[in-house]
Every structure is written in structure tokens, then in C-alpha cells.
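First up is the structure itself, then whatever we jot down about it.
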Amino acid sequence: MLDPRLLRTNLDEIAKRLQIRSYHLDVDKLRSLESKRKDIQTEVQELQNLRNVRSKNIGQAKAKGEDISQMLAEVDTLGERLRVVEVELAALQEQLHAIYLSIPNVPHESVPAGASEADNLEIRRWGEPKQFPYSPLDHVDLGEQGGWLDFAAAAKITGARFVVMRGKIARMHRALIQFMLDVHTKEHGYQEIYVPYIVNSDSLYGTCQLPKFGEELFALKGEQEYYLIPTAEVPVTNLARDVIFEADQLSIKYVCHTPCFRSEAGSYGKDTRGMIRQHQFEKVELVQLVKPEDSYAAHEQLTRHAESILQKLNLPYRVVILCGGDIGFQSAKTHDIEVWLPGQQRYREISSCSNFEDYQARRLQARWRNPTTGKVELIHTINGSGLAIGRTLVAIMENYQDEQGRIHVPEVLQAYMDGLKIIE
RNA sequence: GGAGAGGUGGCUGAGCGGUUGAAAGCGGCGGUCUUGAAAACCGUUGAGGGGUUUUCCCCCUCCCAGGGUUCGAAUCCCUGCCUCUCCGCCA
């Protein structure tokens, strides 16, 4: 959520900056609602004040043993009038709040304009896509041929967009999780954290999956309103909800492996083949909670941390800045890391690293005590995948295949697989 | 699942329905004292919002959450959530 005070004072400028993501802010409507709000709120507060003063007087008179029936009569109609305007104010504030929740974050000045993926700005490339002397297979063919990936079995057990993995590939999938957690904890200074995979709706509002993106979530049946997490971002970032940090506690760096569950509503017909887009997948997530002044340096650093995994696995990739039309709702700036997939002959997203500035923190009421101002202020939140496990497995299978359909194990993973060099 | 107890400020912990946003203690911050530190003493110390072109002041809201009773609720009544103790069950 954006700062309501800023929306009041700098409305035109915010509207202008939101145009970069092709978002139209109804400035006139907001202005008129705000001025109505101000009038009614003033009236409510004046009436409340009157009530408080009179009630206090009644109390004092009663204590002295005076007759209070006259005073009670005076206060008679006040409550009714107050109730009416209070209801009116609540309705108005709810309306305003709903609008505030529907306004996306203001993009950082370095975010390029653009309508779609095609306008994203490539900022660097690492590694060279390998030239195969034959036509390389994609992971689906490789996986089914080797008996490692079984989409039919998953479809029987559950349905579309699930997978069953077997044998050494299942083992490598597990190894990837251990490997990434080790790198981020030992080399990058993240604290490993284990969290619930089921969350309540407060948490989803906190990180802005609700109310706008509820159709992406799997809700659980039962007495409680519970949801499966779509990403570790939800439970991990919500650790900061309603917390006021001391300056010396920041920055906080968490790394967390969880499964992720996404309904993928609205992506019908997209990536229907293979493991690229599943309802259930594993991810190692990086989350940083930082002081505002540190957030862009931290965002860059976190992106590099995610990249380092691909470098260690020797997988070619590129990094792009998402343009205004492609950037996520709550993000001020997002780097996508895209890995080279020989089976598709193109770069595909394997990590998305975003700086939300104070947009999430405002919803979460995640704050810190700023010693220079002496005030309680919002922190900045940053997160990114480090990396998506399923897609990493796909990238390894496709990049490390040989002509016999075998998969060579990347060197850094061999220690996690009893020294195994080739999966066949 | 059954039976009890409880949720108050950074922490501990008071709080007959009426100057209680909340006693007291601890902690934090500032000061006095000291060569320095400790101790002692003095002062100060919650959050959110609105008004006011505003380092001054005024007002409103918040004592788990949501409803209700009342002129007036931290205090009374309902519902929910959470925590603790005991019993049962269980990976």
C-alpha cells in the first residue's frame, strides 16, 4: 500500500509516475472522497469530544451527589447522531481503503517504460549457451526417456501440472535444495529458517496476495480460513508484521526452503508441457529486511546472491530489469534472472528479485526506530528466489544432457550425491 | 477431544463502570555526582490518526480481535482467536 498521506499531498505526481506501468489513477474520484472523508471525520471527532466531556461532567457531578437527570437529558440525542456519522465515516474509509489497496507500487526511476516482456531491459549476461552437435531434447523427453519424470502418474494421482520424480533425478532435486541453502547460509550470511506452509488471511493481506490475487491461492477447507503458501515470502516476510526493530537489528537476511502452491488461474494453455509451470514446486527464497537507505544496495546484492547459484552450476543466464508493464503489483523494481534452456532455445525466468520499498512494510506495519529522527519508520522489504528448484532441475537436465540422453551431474552437486557423476 | 486458568505499554505486573493512556517495579534515554565507571539521586520514556503553513498546541482512536449494554467500558455481556496447566489420543 502506498502512503495515504502522500496520496493526499502529491496525488498528481503519483498518478503520473504510475503511468509508466499503464495504470490509470482516478485522481478526481480520490480527491472528492478524501474531502468528504475529512469533513465527516472532523464531525465525528467533534461529537466524540463532546460526548467525552459531558460524560466526564456527569461522572464528577454524580461523585458530588448532585442531581444528574438534567445532564442525562442533554446528552440524550447525541449518541444517536454520533452513531449515524460514525457509520458513514466507516463506510467512507472502507471505500478509500479498498481503493488504496488496489493501487500498485510506484516504479523506481530506473524502471523502463514498456508494455510487455519484450520491453524488459537486459543489464547483463553470464556464460555462453552451449552449442550441441545434435538437436538437444527438452527435459520432458529426457525425463520420460530416462524414467525419471512421470507426468502421467502425477495426473492420475492428482491432475494436470504436477509431476512424479524418480530415482537419481529425485535425488538431484533434493540435492539442489541442500546445495542452495548451504551456499546462502555459509557464503552469503543468511539465516536459515523453517516456517509453516499454511497461513492465515492476515498474513496474505500483509504481503498483498490478498485481496487482489486470491484466485492464485489454494484455500483449505475447514473451520479456519487457511491457505497453502504460494511462496515462502508470505510466512517469512510476515515474521516482521507488527514488529518495531531497533536500528542495530537490521539488516535481517533470511533464507528459507518451502514448497509453493499456486493455482495458476489465468495461465491456461501457458507452459502446459513439462515442469516449468506447476501447481506445486520447491523454492529456496531469500528475504531481506533493511533500512530504507540500504534497500537498493541490498536489492542488487540479493540479485547477485541468486546469480551465484547459477554460476556455481555453470548455467548460462541473463538479468533483466522488468519494464513498467511487466513488473509485479507491489514491486518498485524487479530483476528477473533468466536461465538458458536448450530445449526451448531461449532464456526463461528462474528467479525474480524485487524491492518493495515500504509498500509491503506499510501493510505489515514492519517498522524500525530511526535513531537520527528518533521516530518509528517503515522498513524496506526485498526478496527473490535463490532459486526455483524445479526450474533449476530443468535447466540442469537440458544443459547437461549428452547424446545418449544421460545427465551429467554438475561438479558442485556431486558431493551432495555420493560423488555421482552421470545419471543414466 | 475433555476439564480448568488466562490474554493490559519493551518486560514483570496493578487496575470498585466515571479526571486511567493506564499504578508500581525493571529496562531504555537525558542529567547531577565521579579521574572514569558502577551505585545513588533527579527528570524523561507507547502506537496510530485528524486538525492547525505547524519543531508550539488541540482533538480522536487503541488495554488479543469483532460485536453488544451504558450518558460513560481496560473494567459488564456475547462470539472468535491465541497462550498456559491437567487428562486422553497421536507422528
Side-chain angles (χ1 to χ4, degrees), chain A residues 1-11 30-31 33-101 194-206 210 219-220 222-227 235 238-250 252 358 360-379:
Chain A
M1 191 166 73
L2 295 175
D3 184 357
R5 217 173 301 186
L6 211 60
L7 280 166
R8 251 170 251 147
T9 53
N10 283 13
L11 188 56
L30 256 186
R31 276 222 178 83
L33 280 173
E34 266 298 342
S35 96
K36 238 193 267 176
R37 189 225 89 234
K38 187 166 156 180
D39 291 347
I40 293 175
Q41 183 163 351
T42 304
E43 190 184 350
V44 165
Q45 293 189 352
E46 276 168 4
L47 286 172
Q48 285 173 330
N49 180 234
L50 198 62
R51 178 200 62 195
N52 291 346
V53 169
R54 293 204 172 159
S55 294
K56 203 169 272 186
N57 289 341
I58 291 172
Q60 285 169 339
K62 208 177 166 190
K64 286 187 221 153
E66 293 169 9
D67 177 34
I68 58 165
S69 55
Q70 175 69 33
M71 303 176 93
L72 285 179
E74 271 173 30
V75 106
D76 194 33
T77 54
L78 201 150
E80 217 168 295
R81 205 150 51 100
L82 180 58
R83 195 165 307 207
V84 170
V85 281
E86 271 178 342
V87 167
E88 206 176 327
L89 178 64
L92 204 52
Q93 276 177 329
E94 202 176 313
Q95 197 182 347
L96 271 168
H97 193 63
I99 293 173
Y100 290 156
L101 291 183
Y194 173 85
V195 295
Y197 303 156
I198 294 172
V199 292
N200 58 35
S201 57
D202 284 346
S203 294
L204 290 160
Y205 276 99
L210 288 175
L220 298 183
E223 287 177 26
Q224 311 248 26
E225 191 184 351
Y226 282 159
Y227 299 85
N238 269 281
L239 286 168
R241 196 170 84 211
D242 297 322
V243 174
I244 299 176
F245 295 100
E246 296 303 328
D248 61 8
Q249 291 177 276
L250 302 174
I252 294 171
D358 64 12
Q360 266 186 339
R362 185 166 294 105
R363 288 293 300 282
L364 291 163
Q365 286 296 297
R367 296 169 294 172
W368 69 302
R369 228 175 275 281
N370 184 341
T372 56
T373 62
K375 291 196 171 146
V376 175
E377 297 169 11
L378 295 166
I379 62 167

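So that the names make sense, note that chain A is the first sequence line, chain B the second, and so on, each numbered from 1. Because the structure is predicted, anything quoted here is derived from the model rather than measured. All heavy atoms count here, side chains included; hydrogens, waters and symmetry mates do not.
One can find a donor-acceptor pair under 3.5 Å joining the base of B:G18 and the side-chain atoms of A:Lys62.
Rounded to whole Å, atom P of B:G49 lies 13 Å from atom CD of A:Glu34. Rounded to whole Å, the distance from CD on A:Glu225 to P on B:C81 is 13 Å. B:U61 atom C1' lies 10 Å from atom CD of A:Glu86, rounded to whole Å. Regarding A:Glu377, its CD atom lies at a distance of 10 Å from the P atom of B:G48, rounded to whole Å. Distance A:Lys56 NZ to B:G17 P: 19 Å, rounded to the nearest Å. Taking atom CG of residue A:Leu50 and atom P of nucleotide B:C59, one finds them 13 Å apart after rounding to whole Å. In this structure, the CZ atom of A:Arg51 is 7 Å from the P atom of B:G72, given to the nearest Å. Rounded to whole Å, the distance from CZ on A:Arg5 to P on B:U54 is 17 Å.
Comparing B:A38 with B:C33, their C1' atoms sit 12 Å apart, to the nearest whole Å. The same atom, P, is picked in B:G9 and in B:G88; the two are 35 Å apart, to the nearest Å. Separation of the C1' atoms belonging to B:G4 and B:C11 is 27 Å when rounded to the nearest angstrom. Taking atom P on both B:G13 and B:C57, the two are 36 Å apart, rounded to the nearest angstrom. Spacing between B:U75 and B:C58 at atom C1', rounded to whole Å, works out to 29 Å. If you take atom C1' in B:G46 and the same atom in B:C29, they sit 14 Å apart, rounded to whole Å. Of the P atoms belonging to B:G21 and B:A74, the separation is 8 Å, rounded to the nearest Å. Look at the P atom in both B:U55 and B:U69: the space between them is 43 Å, to the nearest Å.
For A:Asn49 and B:C60, the shortest distance from a side-chain N or O to OP1 or OP2 is below 4.0 Å.
Remark: B:C76 base-pairs with B:G68; criterion is Watson-Crick or G-U wobble with both hydrogen-bond distances under 3.5 Å. Across all strands shown, B:U61 forms a Watson-Crick or G-U wobble pair, both distances under 3.5 Å, with B:A47. Of all nucleotides present, none satisfies the Watson-Crick or G-U wobble test against B:C56 with each distance under 3.5 Å. B:C11 is paired with B:G25 under the criterion used here, namely a Watson-Crick or G-U wobble arrangement in which both key atom distances are under 3.5 Å. In this structure, B:A3 and B:U85 make a Watson-Crick or G-U wobble pair, each of the two defining distances being under 3.5 angstrom. If you check B:G36 for Watson-Crick or wobble pairing at under 3.5 angstrom, you find it has no partner at all.
Heavy atoms of A:Val44 sit nowhere under 4.0 angstrom from any nucleic acid atom. Within 4.0 Å (heavy atoms only), A:Asn57 reaches no atom of the nucleic acid at all.
Under 3.5 Å, the side chains of A:Ser203 and A:Asn200 contain a donor-acceptor pair of N or O atoms.
In this structure, the nucleotide among B:G48, B:C60, B:C71 sitting nearest to the side chain of A:Gln365 is B:G48. In this structure, the nucleotide among B:G49, B:A47, B:C71 sitting nearest to the side chain of A:Arg369 is B:A47. Among the nucleotides B:U19, B:A47, B:G18, the one closest to any side-chain atom of A:Ile58 is B:G18. Checking B:G49, B:C60, B:U19 against every side-chain atom of A:Gln60, the shortest atom distance belongs to B:U19. Closest to the side chain of A:Asn52, from the set B:G50, B:G72, B:C60, is B:C60. Here B:A47 is the nucleotide among B:G49, B:U61, B:A47 with the atom lying nearest to any side-chain atom of A:Arg367. For A:Gln45, whose side chain is taken as the heavy atoms from C-beta onward, the closest listed nucleotide among B:G51, B:C59, B:G18 is B:C59. Closest to the side chain of A:Arg37, out of B:G50, B:U61, B:C82, is B:G50. Ranking B:G49, B:A47, B:G72 by closeness to the A:Gln41 side chain, first place goes to B:G49.
Side-chain atoms of A:Arg37 never come within 3.5 Å of backbone atoms of A:Gln93 as a donor-acceptor pair (strictly under, hydrogens ignored). A:Arg362 places a side-chain N or O within donor-acceptor distance of the main-chain N or O of A:Met1, the cut-off being under 3.5 Å.
You'll find the side chain of A:Ile40 reaches within 4.5 Å of the side chain of A:Leu92, heavy atoms only.
Between A:Glu46 and A:Arg54, it is A:Glu46 whose nearest contact on RNA chain B lies nearer the 5' terminus.
Crowding of A:Arg8 atom CZ: a count of heavy atoms from other residues, nucleotides or ligands under 6.0 Å exceeding 12. Around CZ of A:Arg31, the count of heavy atoms belonging to other residues, nucleotides or ligands within 6.0 Å exceeds 12.
Nearest heavy atom pair, residue A:Trp368 against residue A:Leu378, reads NE1-O, 3.5 Å. The two residues A:Ile244 and A:Gln249 make their nearest non-hydrogen contact at O-OE1, 4.5 Å.
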